[in-house]
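Hydrogens, waters and symmetry mates play no part in the numbers below; they use all other heavy atoms, side chains included. Lettering follows sequence order; numbering is per chain, from 1.
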Number of protein chains: 2
Amino acid sequence: MEGQLYLKQNNIKATKARIYIMGLLLNSDSAITADYIYESSVDKKLFIDLSTVYRTLELLEEKSLVDKFDLGGGMNSFIIKKLGHKHTVECSKCHRELEIDCPMNQIDELIRNKTGFTPIEHELNIKGICEQCKKAGFL
Amino acid sequence: MEGQLYLKQNNIKATKARIYIMGLLLNSDSAITADYIYESSVDKKLFIDLSTVYRTLELLEEKSLVDKFDLGGGMNSFIIKKLGHKHTVECSKCHRELEIDCPMNQIDELIRNKTGFTPIEHELNIKGICEQCKKAGFL
DNA sequence: CTGCGTGCAAATGCTTTGCATATGT
DNA sequence: ACATATGCAAAGCATTTGCACGCAG
């Protein structure tokens, strides 16, 4: 029932498929794939179609309820959204600042996937050249 | 002719397709996609088949002459290999160290792709829990 | 009852592969 | 000449889309 509430709180029509998927997401501490959700639904004799899984995940992402990670090779995984943060990159030439979404979520997921290591904290510092300065011929 | 030499130096049979692809890679300061190579070959009336492009890139990657970046959505780009480096992550519990390939190449490419900002240097610090400690119930 | 959600099947986009032919050394 | 590279066409894989039916509100 947990998933049901969560959906209603976010003005999403609570259907069998969505309730099940939401439940899975709420009870996963790590990111899961569309196929994992599908297979899981098959195990439970629910047979939620893959297209429905994808459409639900897309909806939840639009509503900012889940984060989508690119696993490479065209695969993605999804996790209930946690508080995100931003990073700032500063151009080494013009010193203008550019804000980017923290790219570490991706990295964390890649590392977890390849090595089993679970990243918890990070510190990241990027230096580079912004588009304009690059066009201006600095690099 | 430049590509030709580069290939021979690396014991790769120098064919028309490979020479052209190698030339493109050598003259690109940023990573390029298989499709870009293909289209470029069409423009030059060479019509190198996409499968040939992919097979060549695969070969060059195996020979460690190019780096392959995952652009997300199942797409990749390729760039002549630069000197790579490793990072070390240390488990916050058992303090064992784990060496990983620098994950920033991917990030750099993503940032370049999305914002036009060209990353040059980085500093990266990751803390986390290794697989064994996690299984042991610390997290 | 009415529109939105669903399953099914087919389409997509990038990449990979099988096979017969063409090409480099 | 002979192994290997190539083009072509078809397959593969995760994901997306069109459409007719079904269910939630």
Side-chain angles (χ1 to χ4, degrees), chain A residues 1 3-23 31-42 44-63 65-66 68-78 109-110 113, chain B residues 1 3-23 31-42 44-63 65-66 68-78 109-110 113:
Chain A
M1 276 298 137
Q4 172 125 235
L5 277 177
Y6 203 92
L7 290 167
K8 293 192 170 167
Q9 284 170 4
N10 289 281
N11 297 312
I12 299 173
K13 197 186 274 184
T15 66
K16 188 167 52 92
R18 289 173 177 173
I19 292 168
Y20 182 71
I21 294 171
M22 203 65 233
I32 59 182
T33 63
D35 194 63
Y36 171 85
I37 295 173
Y38 170 71
E39 293 295 347
S40 154
S41 84
V42 170
K44 294 278 195 321
K45 311 288 183 206
L46 283 174
F47 305 100
I48 301 174
D49 195 83
L50 256 179
S51 65
T52 300
V53 173
Y54 279 111
R55 281 191 272 231
T56 299
L57 290 170
E58 186 184 22
L59 175 70
L60 295 175
E61 200 201 350
E62 275 167 9
K63 299 255 180 184
L65 299 179
V66 301
K68 177 180 186 177
F69 296 116
D70 193 299
L71 296 182
M75 266 175 299
N76 301 289
S77 64
F78 301 82
E109 200 48 31
L110 281 170
N113 223 267
Chain B
M1 276 299 137
Q4 170 127 234
L5 277 176
Y6 202 92
L7 289 167
K8 293 193 171 167
Q9 284 169 5
N10 289 282
N11 296 313
I12 298 174
K13 197 187 275 186
T15 66
K16 188 165 54 90
R18 288 173 177 173
I19 292 169
Y20 182 70
I21 295 171
M22 203 64 234
I32 58 182
T33 63
D35 194 62
Y36 171 85
I37 294 173
Y38 170 71
E39 293 295 348
S40 154
S41 84
V42 170
K44 295 277 197 317
K45 311 289 183 205
L46 283 173
F47 305 99
I48 301 174
D49 195 82
L50 256 178
S51 65
T52 301
V53 173
Y54 279 111
R55 281 192 273 231
T56 299
L57 291 170
E58 186 186 22
L59 175 69
L60 294 176
E61 200 201 351
E62 276 168 9
K63 298 254 178 185
L65 300 180
V66 302
K68 177 180 186 176
F69 297 116
D70 194 300
L71 296 183
M75 267 175 298
N76 300 291
S77 64
F78 301 82
E109 199 50 30
L110 281 171
N113 224 265

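Side-chain atoms of B:I37 and B:I48, non-hydrogen and from C-beta on, never get closer than 4.5 Å to each other. Residues B:I12 and B:M22 have side chains not in contact (no heavy-atom distance under 4.5 Å, counting atoms from C-beta outward).
Residues meeting the side-chain contact (heavy atoms from CB on, under 4.5 Å) test with B:T33, sequence neighbours left out: B:D35, B:Y36, B:L71, B:S77. Annotation: side chain to side chain donor-acceptor pair (under 3.5 Å) contacts of B:S51 (sequence neighbours excluded): B:D49, B:R55. Remark: A:E61 pairs with A:V66, A:K68 by the side-chain contact (heavy atoms from CB on, under 4.5 Å) rule, at least two apart or across chains. Checked against side-chain contact (heavy atoms from CB on, under 4.5 Å), A:Y54 has the following partners two or more places apart in sequence or in another chain: A:A34, A:L50.
Environment of OH in B:Y20: crowded, with over 12 heavy atoms of neighbouring residues, nucleotides or ligands closer than 6.0 Å.
For DNA chain D, the span of nucleotides reached by chain A at under 4.0 Å from its heavy atoms goes, 5' to 3', from D:dA14 to D:dG25.
With values rounded to the nearest 0.5 angstrom, B:K63 atom NZ is found 10.0 Å from B:L7 atom CG.
Rounded to an integer number of Å, the gap from A:N76 CG to C:dC14 P is 15 Å. Computed from coordinates, the A:M75 CE to C:dC14 P distance equals 17 Å when rounded to whole Å.
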When you check every protein heavy atom under 4.0 Å of nucleotides 5-11 of chain C, what one-letter string (B, S, -) results, 5' to 3'?
SBBB---
